[in-house]
Amino acid sequence: MFALVDCNNFYASCERVFNPKLQGRAVVVLSNNDGCIVARSNEAKQLGIRMGEPAFKIKDLLQRHKVAVFSSNYALYADMSGRVMQTLRQLTPFLEVYSIDEAFIDLRRFAPHTLPDFAQRVRQTVGQWTGIPVSVGVAPTKTLAKVANFYAKKSAEGVCLLFCDPDIEIALQQLPAGEVWGIGRQYEKLLLKNGVETALQLRQLSDDWVRQHFGIVGLRLVHELRGISCLPVQLFTPPKKGICTSRSFGRGVSDMAPLQEAVANFAVRCAEKLRRQQSCANLLTVFIHSNPFKPKLPQYSNSITLQLPVAAQHNAALIEQALGGLQKIYRTGFVYKKAGVYVSGIVPQSGVQGNLFGQQNPQGHEQLSKTIDALNQRMGRDTVRYAIQGYERVWKLRQEQLSPRYTTCWNELLTIG
DNA sequence: TCTGGGGTCCTAGGACCC
DNA sequence: TCTGGGGTCCTAGGACCC
């Protein structure tokens, strides 16, 4: 058996923990740049606010219903996620942190009759220790645990257990096929075209048909719906194979200087992420593009991928490549809206190959990066930075409704008085 | 005025090997 | 007249997830 623990309306719930007046009110959280709706409290969902809706299109609705609107506060959400996962880890070591707000638990070592109590205990403990409401779904496969969670969210207890077939069959019969984990828009369309509307009908399709249209991934999914477990819980997170840092800018940027500043900062973020997972990258891609939502302006979009002389993880090497790439793709006469840096060809830092001519990463860079990381960890991000990272930040995000970083910043602690 | 960011896996096709 | 069989690696594109 598997459990899926899923935080309810996670970002909106994080905002509520430190602002109890928001209980019972409609709350939404916006994407970067205050662009789209990315989280909604139940009250907001009832107002018909859709996921991914651009905020400016529903400005009137938000005002009319006095919806509490927040810019996304990832410092807060990441920390709260960590607290939820820590809490779960104290209840069981068999945990897979699947996303910022979800975790699977491998329940094989649990006696079946203890599972209802355990599921309730998970929910109550996380709620009490972190203030975040969670739903728990329990079933014989990960995919079915997702289904159980779907029903847990709708139930008063916040828990749903699907042990065996009469129950599972009823659950699948009432579930639209498009709600199944792994069925996205395209697959849903294809299913509907073939008269498959419910998860139960999906489960009854022949292996051959599924294999032909949805590939091996789809076949696994259908087997999982039948109760045959194909997806194990991953207790260890493997290192990432590609790492990207990109942002839309708060306003359009035409000049080279602010673009260089932005790209240098993105390169440093990528380097930090590489070091955190003890990896080095062989390839670096830089991309820039103008604003496709303004078709009347001249459009330009380009990217370039460069091979590093030696796989690296230190700031200087990545900045150098990123700026070199930017130099090659930059054109004057366009208003840029977004840029990013992507590193790939990732290898463990312990296994970096020198090149044939003995050129290695210069000694000292490794120590320098460690020292910079340690200082910035203590003193705050970018306290020590390369000059090119700058202080102007004309490209910075728009975040007009940002809540305090209650849990990660001394100056922003919650005060009561 | 105003439209996010970061990932995974699979597949098909081409270039190449013996 | 006649032109095999069995592989690997890489890449781009497309699906999916949160």
Side-chain angles (χ1 to χ4, degrees), chain A residues 4-11 28-39 50-60 62-63 69-74 77-78 81 96-104 142-143 146 149 177-191 210-221 224 230-231 234 237-252 266 269-270 273-274 277 282-283 285 287 289-297 303 305 307 335 337-346 397-401:
Chain A
L4 174 65
V5 183
D6 192 324
C7 300
N8 301 344
N9 315 326
F10 181 55
Y11 299 166
V28 298
V29 178
L30 306 177
S31 63
N32 273 342
N33 266 319
D34 296 345
C36 300
I37 308 285
V38 293
R50 281 176 313 173
M51 187 69 173
E53 183 87 334
F56 75 89
K57 287 189 179 171
I58 56 165
K59 210 172 150 194
D60 288 347
L62 294 173
Q63 277 177 355
V69 179
F70 291 92
S71 304
S72 40
N73 184 344
Y74 284 102
Y77 310 149
S81 171
E96 172 185 342
V97 177
Y98 174 69
S99 75
I100 195 165
D101 71 334
E102 280 173 84
F104 285 103
K142 277 179 150 183
T143 306
K146 277 267 188 187
N149 198 284
E179 293 289 340
V180 173
W181 189 37
I183 300 297
R185 276 209 191 81
Q186 301 304 314
Y187 287 173
E188 183 183 23
K189 228 187 281 175
L190 183 60
L191 286 171
V210 173
R211 171 73 234 235
Q212 195 191 332
H213 292 90
F214 297 155
I216 191 74
V217 180
L219 190 57
R220 276 202 288 259
L221 178 165
E224 284 245 322
C230 307
L231 307 168
Q234 289 217 298
T237 38
K240 294 191 192 321
K241 298 171 178 177
I243 290 174
C244 182
T245 304
S246 73
R247 292 289 178 275
S248 295
F249 303 140
R251 58 185 175 87
F266 300 158
R269 291 285 93 77
C270 286
K273 294 177 191 176
L274 281 169
Q277 67 163 26
N282 278 294
L283 300 169
T285 305
F287 63 87
H289 63 74
S290 51
N291 189 347
F293 293 107
K294 291 187 171 173
K296 285 179 187 161
L297 290 180
S303 75
T305 299
Q307 172 107 39
V335 180
K337 183 61 178 171
K338 183 171 177 173
V341 172
Y342 174 71
V343 292
S344 55
I346 289 177
L397 293 178
R398 201 174 35 249
Q399 293 182 303
E400 288 170 359
Q401 322 279 342

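Just so we're on the same page: letters track the sequence lines, and every chain starts at 1. Keep in mind that the numbers below use all heavy atoms, side chains included, and drop hydrogens, waters and symmetry copies. Remember, it's a predicted structure, so these values are computed and weren't measured experimentally.
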Please report the interatomic distance CG(N32(A)) to CD(Q399(A)), rounded to the nearest 0.5 Å. 6.5 Å

Is the backbone of I100(A) close enough, under 3.5 Å, to the side chain of S81(A) for a donor and an acceptor to pair up by distance? yes

Please encode protein proximity along nucleotides 7-18 of chain C as a string of B, S and -, counting only heavy-atom distances under 4.0 Å. --------SSSS

Check whether the ring centres of Y342(A) and F266(A) lie less than 6.0 Å apart, and answer yes or no. no

Are the side chain of E224(A) and the backbone N or O of C230(A) linked by a donor-acceptor pair below 3.5 Å? yes

NZ on K273(A) to SG on C244(A), rounded to 0.5 Å: 7.0 Å

So what does R269(A) hit on the nucleic acid, given a heavy-atom distance under 4.0 Å: a base, only sugar-phosphate, or nothing? nothing

Would you say S71(A)'s side chain and D34(A)'s backbone share a donor-acceptor pair under 3.5 angstrom? no

Look at the side chain of R211(A) and the backbone N and O of L219(A), then say whether any donor-acceptor pair between them is shorter than 3.5 Å. no

Position toward the 5' end of DNA chain B (nearest nucleotide), I216(A) or K240(A): K240(A)

Considering every strand and a 4.0 Å limit on heavy-atom distances, what is the contact class for L30(A): base, sugar-phosphate, or nothing? nothing

Donor-acceptor pair, side chain of K337(A) and main chain of F249(A), under 3.5 angstrom: yes

Whichever of T245(A) and V217(A) has its nearest DNA chain B nucleotide further upstream toward 5': T245(A)

Has S72(A) got a side-chain atom pairing as donor or acceptor with L30(A)'s backbone, closer than 3.5 angstrom? yes

Listed pairs, N/O of protein and of nucleotides 2-4 of chain B, under 3.5 Å:
residue: dC2(B); atom: OP1; partner: K294(A); partner atom: NZ; Å: 3.1
residue: dC2(B); atom: OP2; partner: K294(A); partner atom: NZ; Å: 3.2
residue: dT3(B); atom: OP1; partner: K337(A); partner atom: NZ; Å: 3.0
residue: dG4(B); atom: O4'; partner: S31(A); partner atom: OG; Å: 2.9

Anything under 30° is parallel, anything over 60° is perpendicular, the rest tilted; go ahead and classify F104(A) against W181(A). tilted

Counting the atoms with a prime plus P, OP1 and OP2 as sugar-phosphate, which does G242(A) contact under 4.0 Å by heavy atoms, base, sugar-phosphate, or nothing? sugar-phosphate

To the nearest Å, how far apart are L274(A) CG and dG6(B) C1'? 14 Å

Heavy atoms only, 4.0 Å cut-off, all strands: where does R50(A) land among base, sugar-phosphate and nothing? nothing

Whole-Å distance, L297(A) CG to dT1(B) P, equals 12 Å

Any non-hydrogen side-chain atom of E102(A) less than 4.5 Å from a side-chain atom of L4(A)? yes

Between which residue ranges does DNA chain C form stems of three or more consecutive Watson-Crick or G-U wobble pairs, both distances under 3.5 Å? B:5-18 with C:5-18

